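For reference, the structure discussed in these notes is given below.
Since this is a predicted model, take the numbers as computed values, not measurements. As a basis for the values below, the full set of heavy atoms in this structure was taken, side chains included, without hydrogen atoms, waters or symmetry mates.
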2 protein chains.
Amino acid sequence: MEALAALADPTRRQIVALLAAGEQGAGELAGQFPVSRPAISRHLRVLREAGLVQVRAEGQRRVYALDPRPLSELDAWLAPYRRLWAQRLDALDTEIARGRRARTQEDGR
Amino acid sequence: MEALAALADPTRRQIVALLAAGEQGAGELAGQFPVSRPAISRHLRVLREAGLVQVRAEGQRRVYALDPRPLSELDAWLAPYRRLWAQRLDALDTEIARGRRARTQEDGR
DNA sequence: GGCTTACTTAACTGTCCAGTTACGCACGTT
DNA sequence: AACGTGCGTAACTGGACAGTTAAGTAAGCC
């Protein structure tokens, strides 16, 4: 779940979204953000360390590609909670207000 | 997507997991962690501000309950990426190595 | 070899955040 | 009214982190 920390930053989420549309070079990516290139470089490093991104050297370019596996982990983490909103979405408020117990679910930390 | 930042902390994820099994008082929660009660109080505040948790005063107790809506938002954010790992999970490495384009997806930031 | 291009790393700064102890407040009990 | 209990908030500290500019490394070109 290290991916969660990586995805907590909006810039990094945007990078992920961009890379979902296809791989890109580092400078190419940096050009689409209002921050400096080193800043993007560091973001890419965080994403890399979280396993969300893979680099490939192509000449002097560094081409970044999305690796969806941590996202799938996140999906798996989220899965057990899914039943909580799957049904009766609009009945939630009243249910919470009434304080009914759910009695399910364990960690997954 | 403010929930992502809230869930980036392991302690808070654990609190969420505990509350998924049923609501609990603040002190009750704090007792299950190695940190001080004020620390948990602050975590609960972050979760509250992220909408992940609801409080209800019951006498002098503060009973916390999970609100799954931000989790469902997170699920929705994750949804467009799902097709990336849905099929050919083992073919991913080679696909990334080959550098094939995906050509889909926008932000969601 | 010497220069440009494409990125990363280093060093520094400001801000945010989790943890602590000390204090404050409201409810309940006697 | 006085006191204990259950929490929250305040004030402070240490560490992590995003941003900057400046320096370093590696590939391509002349």
Under a 4.0 Å heavy-atom criterion, the protein footprint on nucleotides 19-24 of chain D, written with B, S and -, is SBBB--

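Side chain of B:R12 to backbone of B:H43: no donor-acceptor contact under 3.5 angstrom is found.
Classification of A:R48 and A:D67 as a salt-bridged pair fails, no side-chain N sitting under 4.0 Å from a carboxylate O. Under the 4.0 Å criterion applied to side-chain N and carboxylate O atoms, A:R45 and A:E49 are assigned as salt-bridge partners.
Both A:V53 and B:W85 are members of a single hydrophobic cluster when ILVMFWY side chains are connected at heavy-atom separations under 4.5 Å. Criterion: ILVMFWY side-chain heavy atoms under 4.5 Å apart, direct or through other members. Under it, B:M1 and B:V46 are not part of a common hydrophobic cluster.
If B:R45 and A:E58 are placed on DNA chain D by their nearest nucleotide, the residue sitting closer to the 5' end is B:R45. Ranked by how close their nearest DNA chain D nucleotide is to the 5' end, B:G25 and A:A5 are led by B:G25.
Distance B:E28 CD to D:dG8 P: 13 Å, rounded to the nearest Å. Look at CZ on B:R62: it is 6 Å from P on D:dG8, rounded to the nearest Å. Regarding B:E49, its CD atom lies at a distance of 14 Å from the C1' atom of C:dC16, rounded to whole Å. Atom CD of A:Q60 and atom P of C:dA6 are 6 Å apart (whole Å). Across the protein-nucleic acid pair, B:L47 atom CG and D:dG8 atom P stand 12 Å apart, rounded to whole Å. Remark: P of D:dA27 and CZ of A:R56 are 16 Å apart, rounded to the nearest angstrom. One interatomic measurement links the two molecules: CZ of B:R61 to P of C:dT29, which rounds to 14 Å at whole-angstrom precision.
Counting only heavy atoms from C-beta outward, the side chains of A:R62 and A:Y64 approach each other to under 4.5 Å.
OP1 or OP2 of D:dG8 sits under 4.0 Å from a side-chain N or O of B:Y64. In this model, the phosphate group of D:dA18 is approached by a side-chain N or O of A:R12 to a distance below 4.0 Å at OP1 or OP2.
In the model, A:Q24 has a side-chain atom that pairs as donor or acceptor with a side-chain atom of A:Q32 under 3.5 Å.
As judged by a 4.0 angstrom heavy-atom cut-off over every strand, B:F33 is placed among residues making no nucleic acid contact.
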